[in-house]
There are 2 protein chains.
Amino acid sequence: MGASKADFFSEEQNEIASLFKAISHPARVAIIEYLLKVDSCICGDIVNELPLAQPTVSQHLKELKNANIIKGNIEGTAICYCLNPDTMQKLENYFSGISKELKTKCC
Amino acid sequence: MGASKADFFSEEQNEIASLFKAISHPARVAIIEYLLKVDSCICGDIVNELPLAQPTVSQHLKELKNANIIKGNIEGTAICYCLNPDTMQKLENYFSGISKELKTKCC
DNA sequence: TTATTATATTGCAATATTACGATATAACAA
DNA sequence: TTGTTATATCGTAATATTGCAATATAATAA
């Protein structure tokens, strides 16, 4: 079906999965890494940086914003985007939690 | 088109994206968390744990295995699956690297 | 050998994602 | 007002993912 059996899984599992889905596309990874590189928050520079049309970039930004991975502030005509440190921390914590619990013995 | 413009993006960006794609589905998050919970590595127990048919679970396991997120060892008729600590470490490092570089000042 | 158990693969329908041209909106400048 | 710039949304075609029934494979047991 391709549909989500999301109802069965826990809130947390669905939330984590959708966070990762937001960064599961190379264009969105590239956006994140670009936002990390440039100190000042940028906007339509991303369109010049990526090999994608403006509507496509806008769509990717929307997904990242919906997932709370980036924030966007209006600055006159432009929009200033930047990474959301809270979400980055949350993602780091998820894996450090796994590392801590993970037994070394395995099959 | 839905197709990947993967050729433009860097090797690293494509690799990171496909790692996250592997854990971007609640069923696969649930599998990871179940593998973390049970000390001993399991196999078809996952089918009983999840609300999905055996072929569907098998498909999800295959994706996790292809992404190097889990390992599978044959044990007689069964297959023993477990998390791959190296990949978990890699994912943790990716986000701790971001946290380290991330400026607090933002828009 | 046949039967059983555990897992994988195939084929396909339902659904979701990706990309972009065309168009809309919103803020500012002249 | 009109024009310009920056971004968002709509509509849609191409492609990818998800889920499962049916079937195949592989290891062991009887």
Side-chain angles (χ1 to χ4, degrees), chain A residues 1-9 13-14 17-31 34-35 40-67 70-82 107, chain B residues 1-9 13-14 17-31 34-35 40-67 70-82 107:
Chain A
M1 294 143 191
S4 49
K5 277 218 171 183
D7 295 356
F8 174 84
F9 301 104
Q13 286 167 341
N14 282 309
S18 67
L19 261 179
F20 289 128
K21 181 179 278 180
I23 42 180
S24 71
H25 190 286
R28 295 196 288 268
V29 171
I31 290 173
Y34 183 66
L35 284 174
S40 58
C41 303
I42 40 75
C43 46
D45 300 343
I46 298 171
V47 175
N48 299 322
E49 188 74 7
L50 301 187
L52 298 171
Q54 179 269 321
T56 308
V57 170
S58 186
Q59 193 175 260
H60 283 308
L61 287 170
K62 188 182 179 183
E63 279 178 71
L64 288 169
K65 204 162 44 175
N66 285 343
I70 63 175
K71 295 190 279 188
N73 279 15
I74 297 170
E75 265 188 13
T77 328
I79 292 185
C80 167
Y81 284 108
C82 64
C107 46
Chain B
M1 291 139 194
S4 49
K5 278 217 169 180
D7 296 357
F8 173 86
F9 300 104
Q13 285 167 343
N14 281 309
S18 67
L19 260 179
F20 289 127
K21 182 180 278 181
I23 41 179
S24 72
H25 190 287
R28 295 196 288 270
V29 171
I31 289 173
Y34 183 67
L35 284 173
S40 57
C41 303
I42 41 76
C43 47
D45 298 342
I46 299 172
V47 176
N48 298 324
E49 188 72 7
L50 301 187
L52 299 170
Q54 180 269 321
T56 307
V57 170
S58 186
Q59 194 175 260
H60 283 307
L61 286 170
K62 189 183 180 183
E63 279 177 70
L64 289 170
K65 203 162 46 177
N66 285 344
I70 62 173
K71 296 190 277 188
N73 280 12
I74 297 171
E75 265 189 13
T77 328
I79 292 183
C80 167
Y81 283 108
C82 62
C107 46

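Each chain gets a letter, A, B and so on, in the order its sequence line appears, and its residues count up from 1.
- Under 4.0 angstrom from either OP1 or OP2 of dG19(D) there lies at least one side-chain N or O belonging to His60(B).
- Nearest to the side chain of Glu63(B), among dT18(C), dA19(C), dT18(D), sits dT18(D).
- One finds the CD1 atom of Ile23(B) at 14.0 Å from the NE2 atom of His60(B) (value rounded to the nearest 0.5 Å).
- OP1 or OP2 of dT9(D) lies within a sub-4.0 Å distance of a side-chain N or O belonging to Lys62(A).
- Qualifying side chain to side chain contact (heavy atoms under 4.5 Å, CB included) partners for Ser18(A), counting only residues two or more places apart in sequence or in other chains: none.
- Checked by distance alone, Gln59(A) brings no side-chain donor or acceptor within 3.5 Å of a matching partner on the base of dA8(D).
- Glu49(B) has its CD atom 15 Å from the P atom of dT7(C), to the nearest Å.
- Between the CG atom of Leu64(A) and the C1' atom of dA8(D) there is a distance of 15 Å, rounded to whole Å.
- Applying the side-chain hydrogen bond (donor to acceptor under 3.5 Å, both in side chains) test to Gln59(B) and every residue at least two apart in sequence or in another chain returns nothing.
- Distance CD1 (Ile46(A)) to P (dA8(D)): 10 Å, rounded to an integer number of Å.
- Look at CG on Leu52(A): it is 14 Å from C1' on dT17(C), rounded to the nearest Å.
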Using atom names, set out every protein N or O paired with an N or O of nucleotides 22-30 of chain D below 3.5 Å, distance rounded to 0.1 Å.
none

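- For Cys43(B), the disulfide bond (SG atoms under 2.5 Å apart) test picks out no residue, with sequence neighbours left out.
- For Asp45(B), the side chain to side chain contact (heavy atoms under 4.5 Å, CB included) partners are Tyr34(B), Ile42(B), not counting sequence neighbours.
- Side-chain atoms of Leu50(B) and Phe9(A), non-hydrogen and from C-beta on, do get closer than 4.5 Å to each other.
- For Leu61(A) and dT17(C), the CG to C1' distance is 16 Å, given to the nearest whole Å.
- When the P atom of dA6(C) is taken as reference, atom CG of Asn48(B) falls 10 Å away, rounded to whole Å.
- To the nearest angstrom, P of dT9(C) lies 9 Å from CG of Asn66(B).
- Set against dT7(C), dC20(C), dT9(C), the side chain of Tyr81(B) has dT7(C) as its closest nucleotide.
- Between Thr56(B) and dC20(D) there is a side-chain N or O to OP1 or OP2 distance below 4.0 Å.
- OP1 or OP2 of dT17(D) has not a single side-chain nitrogen or oxygen of Lys21(A) nearer than 4.0 Å.
- Closest approach to the Arg28(A) side chain among dT7(D), dT18(C), dG19(D) is made by dT18(C) (side chain taken as heavy atoms from C-beta onward).
- Here Gln13(B) pairs with Glu33(A), Ser10(B) under the side-chain hydrogen bond (donor to acceptor under 3.5 Å, both in side chains) rule; sequence neighbours left out.
- Atoms CZ (Phe20(B)) and C1' (dT17(C)) sit 19 Å apart, rounded to a whole Å.
- Ile46(B) CD1 to Ile31(B) CD1: the interatomic distance, rounded to the nearest 0.5 Å, is 5.0 Å.
- Side-chain nitrogen and oxygen atoms of His25(A) include at least one within less than 4.0 Å of the OP1 or OP2 phosphate oxygen of dA19(C).
- The phosphate of dA8(C) (OP1 or OP2) has a side-chain N or O of Ser58(B) nearer than 4.0 angstrom.
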